[in-house]
Protein chains: 2
Amino acid sequence: MLIVKKFGGSSVADKECIFRVAERCAEDYKNGHDVIVVLSAMGDTTDDLIAKAKEINLNPSKREMDMLLTTGEQISVSLMAMAFHKLGIPAVSLNAFQVKMHSTSTYGNARFKKVESERILHELGYRKIVIVTGFQGVNKYEDYATMGRGGSDTTAVAIAAALGADACEIYTDVDGVYTADPRIVPSARKLKEISYDEMQELASMGANVLHNRSVEMAKKYGVQLVVRSSMNREEGTVVKEVVKVEKLLISGVASDKNTARISVIGIEDKPGTAFKIFNTLAKKNINVDIILQSVGRDGTKDISFTVAEDDLQDTLAILEENKEALTIQEINSQESVAKISIVGAGMMSNPGVAAKMFEALTNARVNIHMISTSEVRITVLINESDVERAINAVHERFGLGE
Amino acid sequence: MLIVKKFGGSSVADKECIFRVAERCAEDYKNGHDVIVVLSAMGDTTDDLIAKAKEINLNPSKREMDMLLTTGEQISVSLMAMAFHKLGIPAVSLNAFQVKMHSTSTYGNARFKKVESERILHELGYRKIVIVTGFQGVNKYEDYATMGRGGSDTTAVAIAAALGADACEIYTDVDGVYTADPRIVPSARKLKEISYDEMQELASMGANVLHNRSVEMAKKYGVQLVVRSSMNREEGTVVKEVVKVEKLLISGVASDKNTARISVIGIEDKPGTAFKIFNTLAKKNINVDIILQSVGRDGTKDISFTVAEDDLQDTLAILEENKEALTIQEINSQESVAKISIVGAGMMSNPGVAAKMFEALTNARVNIHMISTSEVRITVLINESDVERAINAVHERFGLGE
């Protein structure tokens, strides 16, 4: 079997962690499997590097930021190779230039276009464990471009897809996908299986178990994922196409505090004004999430939308700069908001799920600012201070702990 | 003018240093010159990374060590680019993969084979300052291979040669080449000019101002070097082909404590035994320096030689492993030895220079273990504890401070 195993930053935070990972991978290797290990940067390395950059330049170029951050994974993989050698196992570390992980151009938020298999296969041919830097690609300018936070998951899936791996295991600090964050909801239950669609909605709604794009790519290329813990031997959660119905309306509740709301007020009520606003933001690589449009005074309209909290200042600056062209009279924003989402393939065929959720929130005295839905998800925007109460109320109302 | 400027690790050790370098380079840029900056890793980064590696594996693979160490320069160059941006100057950082700095294969001790100019020229064409990682090349396996300590000097010269730069300035923590280390010999005098040959002998004999190979390469491609300080505006020392005679017999005294002596005793006295020993070491990339052969007892011979102190343990292990094949009866070694060298083009035509040196050392009660000479150099091996006294005695005897 060809197995891709991805370990996050906390799994390789120090010497002990590194050897724990190495020994775990060594088992598969000794059982005759071919093993590819994908690693993130050690512990707080990425944050430390960001702090270093901000010391020099509060608004560093994204291109140079990627040049800086990619050193983090290169350190992890070379140290991991040394750990394997110490255990007497042949191993080699490779960065994105060496593997040739072609990505799109957008620095800090790239996507993989094509992953070449030649170098990895060459090294596997010598019965080496191949350790690949996660998170990073090389774009058409031959520059490093990173995948954004959590992008190492996507690296693992991209490599599994390119090499037709038999398994792709994502190791994290939790031992699977839960019906809700166990730190917030004590009765949260681990799921044995979840479909790509549900996982994707959960991931993009703040369940920090898997990177959203990794699930999207896994679905596209039919890579079966297993999410499990690097700290124990629990079985974890399988993410795959068809899931046997667990008789659950919804499979989980997720929250995302990395959200801010922006309202642009008094814009001209004529066709194209909303498009112009979101097009301007899209050009600057700002991802807009929930959007709500309402009628304003004097024939104008108001639009509210959410962005990631990290993007709030950039977004405000862009809107301010284009205020006149976008016919905006007033801009206001709120940082202390959060999203709560329920996800489940079952809700498609069950009317009344939304009503049930809103009822639970109302009973818990949680105020809803905005609502957004997809076929398998309902998301509401609430005050950050209400998150814990809201999640628990919804989790209980849908009987997810049972 | 196209100017290559190289700054060592202490010149980019922290935020203040980085901006000092950026501002200095910005002057040339604003005067209309094209500027390429070559950087080493910041301050103690390389040592810190080595310590990290040794924590994992006391004998790390050189290939993985290079993978690890090259992150140091990548951090320097990306932060430097951010500093230039902060000053409002367009700049871009490049690593060895991006520049395509082809090197030989030997990890940890590679040499440049070919440096491509396309990417650098492309970036200069946009009037950007180009910042290149020193110390690193990419070998035929598409792996990082480093040039050994101080290799960033060689990177600067290789780039200057490849692009036909008009000037190549090496910035260090001293303001030029001295007749001796001013920390040891207070009366040491800065040289205005020195020839490639003399500089090369000084460099390889422990004057830590310039990397030996960088001088060799500068001579080969006729790149004129200037050695100066990053801390002040002193003129520095020019290293070039022809130097006007300064009426000095010798131009400098250098010492090198990174030396160990090994003696192999009782080897068979027949043709080829010495060759076998040094061939065995050469195959393992051990550089042997001074060699002394003497007659032993019972028709055997003894050979003593010096290696870099870092290589001592490796060398002893190799000799021990091949003891029988090499007909060695006994091996002993000494770590606390040092080399003292005098260098000068003038000594070729002046007999008695060696005698004068030995006399000075004898008067200073310094015991000489071994002697080695070239056309422009005389080196003696002495006890490490005698270095200071020896250098001062020789420096004074030749009137170098006058």
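Labels below follow one simple rule: chain letters A, B, ... track the order of the sequence lines, proteins then strands, and each chain is numbered from 1.
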Contacts of residues 69-84 of chain B with chain A (heavy atom under 4.5 Å): B:T70, B:T71, B:Q74, B:I75, B:V77, B:S78, B:L79, B:A81, B:M82, B:A83
Pair B:E64-A:V92, side chain to side chain contact (heavy atoms under 4.5 Å, CB included): steps then yes or no: CA-CA 7 Å; B:E64 296 302 332; A:V92 63; 3.9 Å; yes
From A:S93 atom OG to B:D143 atom CG, the distance as rounded to the nearest 0.5 Å: 8.0 Å
Contact origin within B:V138 toward chain A - heavy atom pairs under 4.5 Å: neither
Which portion of A:K100 sits near chain B, non-hydrogen atoms under 4.5 angstrom: side chain
From B:I56 atom CD1 to A:K86 atom NZ, the distance as rounded to the nearest 0.5 Å: 10.0 Å
Residue-level interface, residues 13-28 of chain B with chain A, non-hydrogen cut-off under 4.5 Å: B:K15, B:I18, B:F19
Flag side-chain contact, heavy atom, 4.5 Å: A:H85 against B:P60: no
Any side-chain heavy-atom pair of B:Y144 and A:N95 under 4.5 Å: yes
Residue pairs involving residues 125-134 of chain B (criterion side-chain hydrogen bond (donor to acceptor under 3.5 Å, both in side chains); sequence neighbours excluded): B:D34-B:R127, B:E123-B:K128, B:T133-B:Q136
Contacts of A:E320 that satisfy salt bridge (charged side-chain N to carboxylate O under 4.0 Å, His left out) - sequence neighbours left out: A:K323
Beyond-backbone contact of A:Q98 with B:F97, side-chain heavy atoms, under 4.5 angstrom: yes
Pairs of heavy atoms under 4.5 Å with chain A: top-ranked of B:M65, B:H122, B:R63: B:R63
